[in-house]
Amino acid sequence: MTLLYSDVEEELRAAVRGLLADRCPPAAVLGRVESEPGRRGLLDSVNSVYDLGLWKTLAAEIGVAGLLVPEELGGAGAGLGEAAVVLEELGRAVAPVPFLTSAVMATRALLPTGDPLLGELAEGRATAALAVSFAASPYAPGRGASLRLDAGGRLSGSVDQVASADVADVLLVPLDGVLYAVEAVEGASVEAVPSLDLTRPVASVRFDGAAARRVGECDVAEVLRLGAGLLASEQLGVAEWCLETTLAYVKERHQFARPIGSFQAIKHRLADLWLDVVRARAAARGAVADPSPLSVAVAQAWNAEVAVRAAEEALQLHGGIGMTWEHPVHLYLKRAKATQIALGTPGDHRAALASLAGVPGPE
Amino acid sequence: MTLLYSDVEEELRAAVRGLLADRCPPAAVLGRVESEPGRRGLLDSVNSVYDLGLWKTLAAEIGVAGLLVPEELGGAGAGLGEAAVVLEELGRAVAPVPFLTSAVMATRALLPTGDPLLGELAEGRATAALAVSFAASPYAPGRGASLRLDAGGRLSGSVDQVASADVADVLLVPLDGVLYAVEAVEGASVEAVPSLDLTRPVASVRFDGAAARRVGECDVAEVLRLGAGLLASEQLGVAEWCLETTLAYVKERHQFARPIGSFQAIKHRLADLWLDVVRARAAARGAVADPSPLSVAVAQAWNAEVAVRAAEEALQLHGGIGMTWEHPVHLYLKRAKATQIALGTPGDHRAALASLAGVPGPE
Amino acid sequence: MNEAQIRERVAAFLAEHDPHGDRLEFLRARYDAGLAWVWFPEGHGGLGAPRELQQVVEHELSATPQLNTGVQAIGLGMAAPTILAFGTEEQKRRFLRPLWTGEEIWCQLFSEPGAGSDLATLGTRAVRDGDEWVVDGQKVWTSGAHHARWAILVARTDPGVPKHRGLTYFVCDMHAPGVEVRPLRQITGEAEFNEVFLTGVRLPDDLRLGEVGDGWRVAQTTLMNERVAIGGAPVRRGGGMVGAVLDAWREHPGLRSHDLHERLLSLWVEAEVTRLSGARLREQLAAGHPGPEGSGMKLSFARLNQELSGFDVEFRRELTYDDWTFRRSEDVDFYGRGPGYRYLRAKGNSIEGGTSEILRNIIAERVLGLPSEPRVDKDVPWKDLPR
Amino acid sequence: MNEAQIRERVAAFLAEHDPHGDRLEFLRARYDAGLAWVWFPEGHGGLGAPRELQQVVEHELSATPQLNTGVQAIGLGMAAPTILAFGTEEQKRRFLRPLWTGEEIWCQLFSEPGAGSDLATLGTRAVRDGDEWVVDGQKVWTSGAHHARWAILVARTDPGVPKHRGLTYFVCDMHAPGVEVRPLRQITGEAEFNEVFLTGVRLPDDLRLGEVGDGWRVAQTTLMNERVAIGGAPVRRGGGMVGAVLDAWREHPGLRSHDLHERLLSLWVEAEVTRLSGARLREQLAAGHPGPEGSGMKLSFARLNQELSGFDVEFRRELTYDDWTFRRSEDVDFYGRGPGYRYLRAKGNSIEGGTSEILRNIIAERVLGLPSEPRVDKDVPWKDLPR
């Protein structure tokens, strides 16, 4: 077990960072979020905030879509560490691509089934979303969902706040321990709703007797736990961008004829924030090296808070400019706040530690 | 209802402060706490940390002992506001006198009974202690006590952590809604124990068939609530001393050829602390103006924390000198930390607010 | 003048003017009767009476036409006291009456992109040209600029002296050529503020308020009045932002957890002691002993609003937002919108009207008497300052 | 030299020296065999080998007589690396061997009542008198001074130059006339430290370490080694201070509440991520890439120790204390004493070895590259500084 980055991971990071710097700078992301979300059906992703062009490039040129898929199924057969590094970089860029939802969570749900769809996902030819609320957690996997299967194997009901559903070619629906795939437009609707996180909007998914293919068995809590563990790396990336951008700003911005970064109160706050980020890095790597329920709960409990704190400090220390739409810091604040809720709040993860770490509650 | 100090209260404050400045400066208090506590019986207060000489003067010259006793029973017939102001000043001086225990809590327990002992307490001729753990609270008044009355009206059992018991002439023992007075040495023992709070030590009280006089009925939870509400004023006094002493120190102490109080990180911390103390003052006065369960819980929940924070910040900002026995800041830290536990922790008081303020918990 | 006399005046005024008639006519008459702001001098909407008597007037006239305190806020709260203190008789006569009646709306041209916390370093230039001043520069965070007839403006008239000394205060004609107002979109999606570009704007010298070079001192009057206004409003126990959270909390028992409950109880306590401090502060003011506690109220409310609104979003587990539409809004509407909006908008509370960092400096130096930091800009001409 | 070779050396040494014989003789032999600190040069207890091989030696010799790392801490951790870096051959020969074997105990004479965070402003004077230096002044926070044979001492040799430039580093003979050691009682009741008064203490010039006026640079070596030592020790998950609290927590279910439970869970998380950071830092060091994270470990542990020990006292509702007896103690014994002691003693964690404020300055400037504050003492002779 190591908490360091491997050379392979660092190379992957450099490749992803380079591509994102080129294709996904903050101004480009801001431009995308100007468009209004609208009501639409499955497979109509023209107006989405998600940048599917970028996603195709990430999948085709760097192969990020297949990282978690074994080579024999058409993937790269890489480990969690590689996926985590990609998420750090995507977090740093608040890149609107469905990596976490399709290449991590949907892929992980499919893996035990060996379904051929895995190959398509791995190559980026198709994108899938798990039809689970992004506000669900390993401890409450059914939150926000109300689904039933009729005798003819058709699916009805709804799931709220599904991340990346509006760009999914396939919806993967876990129900009573079984995973179903919904590929048809008929009987399924996906309605994007105005989302707090502009760069990873959520949608309402409704089925009305949709044809559902039984894919295999699915432990959805485990899938959400894996997602939560890796989300800690994305949160680390968000926090790092906020800290670094703020450091650059306070070195540059002068008030009272001094860089504001020379004022001791600012310096001490940034030192404390740095220390939080240092520990977020250790926590994220801990959840990669040992993806146990305990490590995941620790990483989420810590990193979700650090990402929010970093974004809030970034906004405050940018002063008025931080309150403007034209500065990208709000994209990070919204991402951070949304991921505080996603896949379990810090409080949910701390509550889980009561038994995982042997800190029992009042009797 | 007013949250301001009256002229009468300000005059009382000036008198108490003047006397304490003269008779009870920090160096004198430090001198008293050098002595070791020992095992001894009731009425042997020679070696106590409590300054009974000072207490007699406060009672005789300023009349603080009888503030809460009606004039017809030999007291001053003053209100809670006057008692609160005395406690602010006693807190500022960490004065080792039994005002809170004898003139507030024991006196308040006796008041409904009209017992003649009230007159003695009011004049300072006698001192009483309520035989209740100082760690008890309005919500758990029996904590730390194990008492029984035998058929012949004799008392047996023990109470832990009783404040000021070692200088009490009379122990007032609440048991099953009735108040008993234990005045005899026989069958009662008071053993002072090393206490975290050097200036208000606690003692273990044991009865072994002690003669107990039935005084009247007693709602001990209400007595503890009154004590808790007024303790918030003592905590305010502790916090004020810590803030003011620290301000004076950081203006004086030079490092890097500047007063350390000119460094912005220090300034901002002290500004925040000041704001906490400002609110502690409002909370203390709120509990005086409206001594309801809600106001008392608010004042204790806030002021207990502010006193500890102020003392901890005072120590830290004094640097090494703050860690030495010879500087009085530790007396305040110990007092603050002990009063965080006394008469209900902040957590106890917040828990009470769930119903008092209509903030229900999880179902 | 005492309370009884004021009541008589109001009664006499009401006997002569019908509050159900024309609104504007009524307000003009009220101004002329000295019942606009009784502590202002006679002839300028007042009676030279003690300020606390104003509440008597407000009480007696509460059923009559009222001012629009939202859109008139800057005029009433900031421009008027400054004009009163520094304006000429002619300026007072010209500006105060339509300002008070709302016939003319005011805005504030102080902050600039490069001059926020350090307002005195502002760079908008005003150059004298005969009887006129020619103004060039960019202002920001101007609310109501698109409605405003006039603005209070601080500009640099002498770059060759240290920054506080080269400023002059003007009334800016918002209808003058060269004034361009652009909405400024915020992180909430809406545009509550504006940027104002001033390009060769010509202002006659009689729009100058106070002496040339005395602008910093004049601006202090404006800013003092601003900070008193923010965070000074009374709230009832459990009201304000904590009330919004409590409503949701009581409505959704299934979303509660022990973690959230303990945090909410702590925030409730903080909100309550802050409310008590505000009540105590108002008592002190009423008793004629304003305490230094006022400096801290805005700081406390900013923190509370931010903590509570962040808690609210987390508690509801809402990943959605009510409306991102880009629109102009006149007011902060905390309670008419969703929790996401409140969370984002509250972030501005620790920036607008003096950042929390600046307020801590002010408390530390002016209230606690802590020494100032070494100043590197004290005696340096503005034009030579590093930026 | 590689791991296998080191193992061979140790085996050869053990073949010749009986670890069950005389302890001191064994340690002296180990020093002479270069197995004291393998990265030191040959002849001075080492083999000039890579530092990470030391752990191999320690492992192989773990069943043999060990050093007293408590009372020898300053000698081993601070004096030795400084002597190695700046001492003459003669000084290394004279001091290092008895330092390592523990025959001679060392203490540190750096801090003064007037020079804590700003150590460079210290005022203890050393005046040259022929081949000797005469030292006068007062030092404070000296642990182990009453056992010490030698001290590392920084004194001012030139008050006429700026503060960093007028210092010189000495080895002080603690047996010399004029050295007086007084115990310094702490808030815990005990005296873990001392004050040391130096009155006309005469030190021969060959006790000087480094050049005259170069004392600040020499002292940096010492201080760097101190901060690495504090807070760098590995802890197991749920160990250290959090372990002490957890033991009590598990033992007293009746004292638990939801408030305390939520706070303890948060502290547990913080302790765990801090532990992981320490583990990651040690991995980086082992891989030859020491990261800047080290600067933060002491800061984190100080905060955690303080929060946890304060929590512990509150949880137990204990108003008593284990023992206020005034006594000398050699070591911090966090876990052998009561929660009250731990609470009070932990307050020192954010002061000793660099206050948390100074550490934040260091992180901000050296790790984050933030600009320093305006310095008012940079070019001023020490004697003219305000104090």
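We name chains A, B, ... by the order of the sequence lines, and we start the count at 1 in each one. Computation of the quantities below employed the complete heavy-atom set of this structure, encompassing side-chain atoms and omitting hydrogens, waters and symmetry-equivalent molecules.
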- Note on the structure: Note: vs chain B, highest number of non-hydrogen pairs under 4.5 angstrom among Glu318(D), His258(D), Arg345(D), Gln306(D) is Glu318(D)
- Note on the structure: Checked Leu385(D), Leu344(D), Thr121(D), Val140(D) vs chain B; the most non-hydrogen pairs under 4.5 Å come from Leu344(D)
- chain D heavy atoms under 4.5 Å from Ala338(B): which part of the residue, side chain, backbone, both or neither? both
- Pick from Ser111(D), Gly310(D), Ser257(D) with the largest number of heavy-atom pairs that fall under 4.5 Å of chain B: Gly310(D)
- Against chain B, label Asp259(D) side chain, backbone, both or neither, depending on which of its atoms sit under 4.5 Å from a heavy atom there. side chain
- Message: Heavy-atom cut-off 4.5 Å, strictly under: side chain, backbone, both or neither for Ile260(B) against chain D?
- Response: neither
- Query: Looking at Gly116(D), Ala191(D), Ala120(D), which has the largest count of heavy-atom pairs under 4.5 Å with chain B?
  - Reply: Gly116(D)
- Cation-pi geometry met for Arg342(D) and Tyr335(D) (6.0 Å, 45°): no
- Item | Residue part contacting chain D, namely of Asp160(B), when any heavy atom lies under 4.5 Å | neither
- Contacting moiety of Glu373(D), where chain B heavy atoms sit under 4.5 Å: side chain
- Message: Quick check on Leu331(B) against chain D: is it the side chain, the backbone, both or neither that has a heavy atom closer than 4.5 Å?
- Response: neither
- Message: Using heavy-atom distances under 4.5 Å, tell me whether Arg200(B) contacts chain D through its side chain, its backbone, both, or neither.
- Response: neither
- Message: Need one label for Ala135(B): side chain, backbone, both or neither, based on atoms under 4.5 Å from any heavy atom in chain D.
- Response: both
- Item | Validation row: Arg156(D), Lys163(D) side chains within 4.5 angstrom (heavy atoms) | yes
- Query: Between Arg328(D) and Asn194(D), do the side chains contain an N or O donor and an N or O acceptor separated by less than 3.5 Å?
  - Reply: yes
- Query: Do Thr199(B) and Arg335(B) have side-chain atoms, one donor and one acceptor, less than 3.5 Å apart?
  - Reply: yes
- Query: Taking 4.0 angstrom as the limit, do Arg269(B) and Glu313(B) come out as a salt bridge?
  - Reply: yes
- Query: Does a donor on one side chain sit under 3.5 Å from an acceptor on the other, for Asn303(B) and Gln300(B)?
  - Reply: no
- Greatest number of heavy atom pairs closer than 4.5 Å to chain B - which of Arg387(D), Lys378(D), Arg263(D): Arg387(D)
- Side chain, backbone, both or neither: which part of Val308(B) has a non-hydrogen atom closer than 4.5 Å to chain D? side chain
- Kindly indicate whether a cation-pi arrangement holds for Arg182(D) with Phe197(D), taking the cut-offs as under 6.0 Å to the six-membered ring centre and within 45° of the axis. yes
- Cut-off 4.5 Å, heavy atoms of chain D, and the answer for Ile321(B) is backbone
- Task: Inspect the contact between Glu305(B) and Arg350(B) and indicate whether a charged nitrogen and a carboxylate oxygen are less than 4.0 angstrom apart.
- Result: yes
